[in-house]
Amino acid sequence: MQRKQDDFFEESISEETTKLPRSRKAAPQKARSGSAVTLAPEAAQWADLAAQLPANLRMGASTWSYPGWEGLVWDGAYSKDVLAKKGLGAYHQHPLLRTICVDRTFWKPLTNSQYAAFAAQVDDDFRFVVKCPAGVTDAQVRTEEGKPREANPAFLDPRLAVEHFVQPTLEGLGAKLGVLVFQLSPLPWSLLTRQSELFARLGLMLAAVRQALAQHPQVIVAVEVRDPELLTPALVDTLKAHGATFCLGLHGKMPPIEVQLHTLRALWPSPLVCRWNLNRIFGAYGYADAQKKHEPFSEIRSEDLHTRAWLARTIKGITGAGQPAFVTISNDAEGCAPRSIALLAQAIAQLQKSA
């Protein structure tokens, strides 16, 4: 008999600080530019913990080109450009890192050959989470500063979503494509007050996406929103109708995780897709402040025990019911994505032991 999904989330969540093993502090050295990037030997310490995690759980970071991960992921000093081009080969060998969110696609579509170059650096077990370009998922055309300039005529255009996003990712990544994320940028009030029209447009796009994925049913389609007003039964109905799920977007613009879980419950049974983007202490528009505090992204500097505890419990329940889980974490969540992932892995393993 299948467990009721509500049982996966408890009203009271324990928030305990977990200690990470100290990593070697490498002596400062000149960034390498030509050699291949290799995995830090210290990463091997996580193999035993990784073996305790659910097989249907994949955790990873949001992009990978951070020199500050030296000694955690990289074996030495590398420039950001070198890591962007060659870092995935080392990243994917880390025992805890089984996925990655390709964020750069939000700003500019990539070609199938660019995706293929990513796929060539990882093994067959690795999966990619990829964001749809903002040219499709943002209702507004914005200035370089991010301010709305005019309405976007291509918003939720089914043809563009397929031709400029779905098809290139499929052709380039193939079986290594795990999740397609459609992040709806903050909407103007004119659309928020006409949600039936909005969800009708979203449904048309999702229908076209699902048709394009007809031969690839394993690919998860997830919709992330940045307006709390959209967490309605109408969103749930639209996602259900087109075989999509809700992406938990843990970000200052949205309610905390325990509030967003109501939407995920309404979709049950459903995979878990979660992007832990920004610590709530920085507010809705606090990316610049978070970056300033967290650079060079090598340490936990804004620990969020509350979110970690809820997320660990959610992962345990959903994966335990046989559903896949993709969880990607930004450096802006707590200061260092690899350390956040290790702490979350420890919390999950502890829950499994105490079950």
State whether a side-chain donor-acceptor pair under 3.5 Å links [X] with [Y].
{"X": "His251", "Y": "Glu224", "answer": "no"}
{"X": "Asp75", "Y": "Tyr78", "answer": "yes"}
{"X": "Asn56", "Y": "Gln323", "answer": "no"}

Can you tell me how far [atom2] of [Y] sits from [atom1] of [X], rounded to the nearest 0.5 angstrom?
{"X": "Ile329", "Y": "Arg308", "atom1": "CD1", "atom2": "CZ", "answer": "9.0 Å"}
{"X": "Gln183", "Y": "Cys247", "atom1": "CD", "atom2": "SG", "answer": "8.5 Å"}
{"X": "Leu231", "Y": "Thr263", "atom1": "CG", "atom2": "OG1", "answer": "4.5 Å"}
{"X": "Asp304", "Y": "Leu343", "atom1": "CG", "atom2": "CG", "answer": "11.5 Å"}
{"X": "Ile257", "Y": "Cys274", "atom1": "CD1", "atom2": "SG", "answer": "5.5 Å"}
{"X": "His94", "Y": "Glu42", "atom1": "NE2", "atom2": "CD", "answer": "10.0 Å"}

Apart from Phe282 itself, its cluster of hydrophobic side chains linked below 4.5 Å comprises Leu278, Ile281, Tyr287
Would you list the pairs meeting salt bridge (Lys or Arg N to Asp or Glu O under 4.0 Å) in which at least one residue belongs to [range], sequence neighbours left out?
{"range": "residues 100-117", "answer": "Asp103-Arg275"}
{"range": "residues 235-254", "answer": "Asp227-Lys253"}
{"range": "residues 47-57", "answer": "none"}

- Query: Is the shortest heavy-atom distance from the side chain of Asp123 to the side chain of His92 under 4.5 Å?
  - Reply: yes
Residues passing the side chain to side chain contact (heavy atoms under 4.5 Å, CB included) test with Ser65, sequence neighbours excluded, are Lys80, Leu83, Ala84
Residue set satisfying side chain to side chain contact (heavy atoms under 4.5 Å, CB included) with His164, at least two apart, ordered chain then number -> Leu160
I'd like a table of donor-acceptor pairs (distance under 3.5 Å, sequence neighbours excluded) in which one partner is a side-chain atom from residues 210-221, with atom names and distances.
unit_1, atom_1, unit_2, atom_2, d
Arg210, NE, Gly243, O, 3.4
Arg210, NH2, Val219, O, 3.3
Arg210, NH2, Gly243, O, 3.0

Arg58 meets the salt bridge (Lys or Arg N to Asp or Glu O under 4.0 Å) criterion, sequence neighbours left out, with Asp125
For Asp157, the salt bridge (Lys or Arg N to Asp or Glu O under 4.0 Å) test, sequence neighbours excluded, returns none
Check your understanding: Between Leu198 and Phe155, does a side chain to side chain contact (heavy atoms under 4.5 Å, CB included) hold up when you go through it step by step?
Key -> CA-CA 10 Å; Leu198 170 68; Phe155 180 53; 3.8 Å; yes
Quick check: does any side chain N or O of Asn152 sit under 3.5 Å from a backbone N or O of Gln140, one acting as donor and the other as acceptor?
no
Those residues at least two apart in sequence (or on a different chain) that pass side-chain hydrogen bond (donor to acceptor under 3.5 Å, both in side chains) with Ser190 are none
With sequence neighbours left out, the residues meeting side-chain hydrogen bond (donor to acceptor under 3.5 Å, both in side chains) with Arg194 are Glu197
Report whether Val162 and Leu156 are members of the same hydrophobic cluster (ILVMFWY, side-chain heavy atoms less than 4.5 Å apart, transitive linking). no
When the aromatic ring centroids of Trp64 and Phe118 are compared, is their separation below 6.0 Å? yes
- Query: Stepwise, does the salt bridge (Lys or Arg N to Asp or Glu O under 4.0 Å) test hold for Asp289 with Lys293?
  - Reply: CA-CA 6 Å; Asp289 291 337; Lys293 179 177 180 179; over 6 Å; no
Notebook entry, point to check: Regarding Lys131 and the six-membered ring of Phe106, is the cationic atom NZ or CZ under 6.0 Å from the ring centre and inside 45° of its axis?
Noted result: yes
| message | One thing to verify: whether Glu334 and Arg301 come together as a salt bridge, which I'm taking to mean a side-chain N less than 4.0 angstrom from a carboxylate O. | response | no
Sequence neighbours excluded, the answer for ring pair (Phe, Tyr, Trp, His ring centres under 6.0 Å) partners of Tyr115 is none
